[in-house]
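Beneath this line is the structure, given in structure tokens, with notes to follow.
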Amino acid sequence: MNVHPLRPAAETPHRNPGMAFEPDWIDAIHVNLSAAERRVEQMGGRRSWKKAHQAAWLLRAIACIDLTTLAGDDTPGRVRRLCAKARSPVRLDILEALGVEHLGITTGAVCVYHEMVETAVKALEGTGIPVAAVSTGFPAGLSPFRLRLMEIGESVAAGAREIDIVISRRHVLTGDWRALYEEVQAFRAACGDAHMKAILATGELGSMRKVAQASMAAMMAGADFIKTSTGMEAVNATLPVGLVMARMIRDYQDRTGCKVGFKPAGGIRSAKVSLNWLAMMKEELGNEWVGPDLFRFGASALLADIERQLEHFVTGRYSAVHRHALG
Amino acid sequence: MSLVADLYANPDWGPAPEDSGAVRAWLKSKAKGFGLFIGGEWVKTAGSLPALNPATDEPLATIAQGSAADIDKAVKAAAAALPAWSQTSCHGRARVLYALARLIQKQSRFLAVLETLDNGKPIRESRDVDIPLAARHFYHHAGWAQLLDQTHPDQEPLGVVGQVIPWNFPFLMLAWKIAPALACGNTVVLKPADHTSLSALYFAELCLEAGVPPGVVNIVTGDGATGEALVDHPGVAKIAFTGSTAVGRRIRQRTAGSGKALTMELGGKSPFIVLEDADLDGAVEGLIDAIWFNQGEVCCAGSRLLVEEGVEGRLVEKIKARLEKFRLGDPLDKSIDMGALVAPIQKQRVETIVAQAEAEGAVAWRPSSALPATGSYIAPTLLTDLGTSNVAWTEEIFGPVLSVMSFRTLKEAAQLANHSRYGLAAAVWSENIDRALQLAAELRCGVVWVNAANQFDAACPFGGYRESGFGREGGAVGLDAYLKPRSQPPSLDAVIPAMAKGPAAHAEGIDRTLKNYIGGKQTRPDGGLTREVLGPDGAVIGRVGEGNRKDIRDAVEAAVAAESWGKASPHLRAQVLYYLAENMDGRAAALAAALRDQAGLKGGEAEREVEASVSRLFAYAAWADKYEGAVHQPNVGRQLALSVHEPLGVIGIVCPDPRPLLSMISLVAPAIAMGNRTVVVPSERHPMIAAELYSLLDTSDVPGGVLNIVTGDRDALGLVLAQHDGVEGLWHFGSAPGGKAAEDASTGNMKRTWTGLGRTPDWSSPSAEGRSILKHAVQVKTIWVPYGD
């Protein structure tokens, strides 16, 4: 199928209206860790791209990146520089050599803390690149509930078109699925027209079954995307976790007809690994999930490696990081 | 629009070809045709066969058609190499096996490409499965070679081993055969499959490089006739075969009476069972590994899907969705799931069975993607709506065809799974360990994978129940198949010839005419006939029943019905054997008197035989809870692999004449200690001593049906047992021709046979007791249990 590459992500958003809480669905979820790991292990051997195909898929990976900075020392200057990188993520001569300069490839979004939203929105004006704000007491999500809701509202008011919320891990760890559902539902309501990504912090959930159950509860509550991690947990986006979440997205779509997006975040640094993720999304969910509408990487260092690989494809020489614009 | 821009807009898979240049250059260097590898040299022969690439039908090479004379040459070379090789130090053999393992690893990509070109399997599988497992097999057995003096101090190699391997995993099966044989000090003649000999021929080059002494490994290519010449060769001590049940049956028949050791890894129709609490998405990938691995050309392919009815619809939908994404095509492409079947004839065979299955009512579904225009490709096929008599449910297809059936309860799942002539493997998918292990225990097969499929490791025994063969490959159990005890117990003629009938004995007591003992009851022989029993001086000392085939039938039925004995705890079985010993000891004087009267034992011999019999009962009571399985450490993720000892089921026991009481006890006790039920044909010359046991059995809590006794013409009754498909094992210590006929007839259900061919161990020898006997009484089931949260 033909996925138009030029459409900025948020212009025709898939929205997930959510549904009534259905505890039976959650109880009936079963996940076998070893089987998931085997699938992931095999995936790399079953599917790969070479040469021009690989270059095209690396460009696709770029279009899916939520270019991210989430540091205590972020400043407006730093964020503006990041936004410039988001607008033109690859050196022009490389794009020309690939014959894709006319495609206007940008990253999928820029992702920042609330205080940087305004700066980013201004820096991206006219590009169609949405700004995503991490929210709700990111990364731990343990600030007062009322303030977490307000934080969403303020970021939306500041121009964030996407809100990355964090769930209360304790609801998952204690199996209180209704509490999780109600929390995410409240966040979703506070997001209004902004797209909501629910961060599950899978590295803190303890088991694959819990990851799957939390995914399902968040989707029932109306999450437009489910996202693996904040990037701050000890274990972030792993392919087995991604596989389990992707399969829940598939089940949710089978049952409700709604398409929910997926965002792995944290630890995805190499072009090769990004291709593994795209291959998995294509295999498990299909071509709609290999574009920015329904798939994003939460990453900061990934882009630099992809640029180097693209240059290698164009020139046949291995490139160095300092030859590409700093994000 | 540029190419990259176009590909960017159309996110699809592209070609990802593996480079075959090095392999093709090697093949080009062999353009004049391959020879046979005999005595460390390349030997020419007259006949030749083409080697084809099944994905393209292109000729790859010309291989030699080995003749009977070539086989003879190879066996002689192997025999000549045997003394030096078997006496090479453990470390010396270990170094050679280690060198082979290293070379395989170093040449792994070359081997993978060669294997894929020759066989049609995807490069992913040859690269990630076949070749790494083969290297692992050599490493593991290099270790066994190193340790053999410590682990098996009383064992020695069998001699020259003939090995015949199939075309589905050509190099891996070579490794499974050659590595343990060499580790134990045997020398081999290997006959690869005619469709896929190239990796074996390359292995010959590796043998030269690794310093394998000339004649230790001989490789003779050719077709079935070459294999038959190897099987028939009198210089071969053992035949190890992997292949179809039909060919296995012929090999068993051809070797009947020859005394050659045999191990067979044959066909299967393995169930893949999905419970409602399974990870269904995981199970779908498990099925990909089970039946759409190696184009379904896998003996242990999970070809029968049994799914709990409540999740059947969802699972089938998920399978179909997965298969719509399945990629089939050029096996050298790194982005495909399935390649070509091994040859046009195999494709045709699979298509014929599927057509027949459809004619019998099955509904076939295939994904919508198109097949490549040339090459032996078959789409993955799902068959639903079939009955249990459908050909696709009962027959091994050896292709990418899955048959689906639902079940209601675990009991029904086990029943449907076990209703098969085969018993190779099974997969059980459930997130509930109780339910999963319950099924693992109930399934009659040699390998059970919990939440997995087609996992293999050199340390874990692999092999079948029933018509899926006998013997195990892998681990210590697999090693046993290439060793024998250095000192065998002394042996005796099994048959004491009938003597001239003397004058009738003076009738002292009341006439004794002994009946059969079936299902815990004394029963009259079906034919209403009796036979005279002569005493030591030829006088008629009594009569026993003249058992016939119907008595055997009834006895087997009683034994089958006593199934709960196999599930009783080993402790309980031990208690019964101790009780029997106790009661025998209490009647020692009477039994000794009977032995004196009936068999003419003199000078305390009778007392010693009774005493030895009591001791033997004690011994196997002791073993009942000590001849255990093992826990393995496979080189695969987080797993426990357990191998458990299970009874065969019903064992027919044909007893020799010497030491009539002790020999019968020595055979029956290990069988029932391990949970088997037995149908015993006592010594033909001295059958009355068996009848002395009836009352002992009645008073010792031996459940009815566990030990059944039918007297009469030993070889004739042995043959009926051999022909009975409800009998899983046959221990035959009658005449040589009787043993040969029994071996020949045992192929109906591929029984495990243990045959003296006219000889019997001297059961009074202490070495005629213990593990070397118990191994005949069990079969090994390996259960793979992965874990993780």
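Residue numbers begin at 1 in each chain, while the letters A, B, ... track the order of the sequences.
Looking at heavy atoms from C-beta onward, A:F262 lies in side-chain contact with A:M245 at the 4.5 angstrom threshold. Considering only heavy atoms from C-beta on, B:W449 stays 4.5 Å or farther from B:V428 through its side chain.
Contacts with chain B were tallied for A:S34, A:A55, A:A35; A:S34 has the most, counting heavy-atom pairs under 4.5 Å. Listed options B:G788, B:S2, B:S335 were ranked by heavy-atom pairs under 4.5 angstrom with chain A; first place goes to B:S335. The candidate from A:E284, A:R46, A:Q54, A:M208 with the greatest count of non-hydrogen atom pairs under 4.5 Å with chain B is A:R46. Between chain A and the options B:I288, B:D289, B:D333, B:D789, the largest number of non-hydrogen pairs under 4.5 Å is found for B:D789. Taking chain B as the reference chain and counting heavy-atom pairs below 4.5 Å, the highest number among A:L98, A:I29, A:V244 is found for A:L98. Contact tally against chain A (heavy-atom pairs below 4.5 Å) for B:E276, B:Q639, B:K318, B:R322: the top residue is B:R322. Contacts with chain A were tallied for B:A5, B:A283, B:G637, B:S430; B:A5 has the most, counting heavy-atom pairs under 4.5 Å. Of the listed residues (B:N451, B:L280, B:D6), the greatest number of heavy-atom pairs within a distance under 4.5 Å of chain A belongs to B:N451.
In this structure, chain B has heavy atoms under 4.5 Å from both the backbone and the side chain of A:A279. With a threshold of 4.5 angstrom between heavy atoms, B:R327 approaches chain A through its backbone and through its side chain. Contacts of B:D337 with chain A are made by both backbone and side-chain atoms, with heavy-atom separations under 4.5 Å. The part of B:Q455 that comes within reach of chain A is its side chain, from C-beta onward, which places non-hydrogen atoms under 4.5 angstrom from that chain. With a 4.5 Å cut-off on non-hydrogen atoms, B:L3 touches chain A through its side chain but not through its backbone. Of the atoms belonging to A:E37, it is side-chain heavy atoms, and not backbone ones, that fall under 4.5 Å from chain B. When heavy atoms are compared at a cutoff of 4.5 Å, B:A321 does not approach chain A at all. Contact of A:A52 with chain B is made through backbone and side chain together, with heavy-atom distances under 4.5 Å. For a residue to count as touching a neighbouring chain, one of its non-hydrogen atoms must lie under 4.5 Å from one of that chain's; by this rule A:R209 does not touch chain B. Using a 4.5 Å cut-off between heavy atoms, B:P122 makes no contact with chain A at all. Proximity to chain B (any heavy atom under 4.5 Å) is restricted, for A:D251, to the side chain, taken from C-beta onward.
A side chain to side chain contact (heavy atoms under 4.5 Å, CB included) with B:E308 is found for one member of B:I273, B:D277, B:L275 and no other, namely B:L275.
Between B:D19 and A:K50, none of the side-chain N atoms (NZ, or NE/NH1/NH2) sits under 4.0 Å from a carboxylate O, so this pair counts as no salt bridge.
Relative ring orientation between B:W13 and A:W49 is described as parallel, the plane-to-plane angle staying below 30° on a 0-90° scale split at 30° and 60°.
Under a cutoff of 6.0 Å and an axis angle of 45°, A:R60 and B:Y8 form a cation-pi pair.
By the neighbour-count criterion of 12 heavy atoms within 6.0 Å, atom CD of A:E96 is densely surrounded, having more than that number from other residues, nucleotides or ligands.
In this structure, a donor-acceptor pair under 3.5 Å is absent between the side chains of B:S126 and B:E115. Residues A:E311 and A:H324 bring a donor and an acceptor atom of their side chains to less than 3.5 Å of each other.
Two rings, from B:F293 and B:F169, have their centers less than 6.0 Å apart.
Between A:L294 and A:E288, the shortest heavy-atom distance links the atoms CB-O, 3.6 Å. Contact record, B:L439 with B:A413: CD2-CB, 4.3 Å, taken as the closest heavy-atom pair.
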